[in-house]
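Only a predicted model underlies this, so the values are computations on that prediction, with no experimental measurement involved.
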Amino acid sequence: ARADLETAARGLSNLTFVDYQPPDRLGEVLAAGDIHLVPLRRGLASASVPSKIYSILAAGRPFLASIDPDTEIDRVAHLSGAGVAVPPDDPDAFVAALAGLLEDPIATSEMGSSGRSWVEGWASPEAVAGMYAALFEELIEVRRR
């Protein structure tokens, strides 16, 4: 669909299409976006969690997700304060949420910072190791009893 998107976007000065980039440029690519989009059709979020969400958060960028309610990405949006979730397959809600994010770049930037802090405390290797250590200690204590 890229050719159709490029045709539709002709004349927009704030949109750039680039080819796939090597993995070592991922941080740079993620940091280049002001707002990341995570669109999933209805029903897909119960079986799929786009892993890019954690990379987006680590890059300190906010996201707009078109996602089923009460799914992992919906929860991450609310817990991290870095995302806005709208119902899937609802273009009006999606456009309204995107317009709201674009209207307040300071708040949107703060969302990105919030996401970075949240992912460092919850999903970083250090945080995950700490949670496993606490779980192991709890299991050892239960076994001792």
What's the spacing between [X] [atom1] and [Y] [atom2] if we round to 0.5 Å?
X   : Y    : atom1 : atom2 : value
D34 : L101 : CG    : CG    : 11.0 Å
L79 : E72  : CG    : CD    : 8.5 Å
K52 : S55  : NZ    : OG    : 10.0 Å
R42 : I67  : CZ    : CD1   : 11.0 Å

Which heavy atom of [X] sits nearest to which heavy atom of [Y], and what is that distance?
X    : Y    : value
R2   : V18  : NH1-O, 3.3 Å
A93  : V86  : O-CG1, 3.7 Å
W122 : V128 : O-CG2, 4.1 Å

Check against side chain to side chain contact (heavy atoms under 4.5 Å, CB included), V119 and V76: CA-CA 9 Å; V119 81; V76 167; over 6 Å; no
Backbone N/O of [Y] and side chain of [X]: donor-acceptor pair under 3.5 Å:
X    : Y    : value
S114 : A82  : no
R61  : G112 : no
S109 : P105 : no

Atom CD1 of I106 with >12 non-hydrogen neighbours under 6.0 angstrom: no
Crowding at OH, Y132 (>12 non-hydrogen neighbours, <6.0 Å): no
L64 vs V38, side chain to side chain contact (heavy atoms under 4.5 Å, CB included): CA-CA, chis, key distance, verdict: CA-CA 6 Å; L64 169 57; V38 183; over 6 Å; no
Residues L37, F63; criterion side chain to side chain contact (heavy atoms under 4.5 Å, CB included); working and verdict: CA-CA 6 Å; L37 306 178; F63 67 90; over 6 Å; no
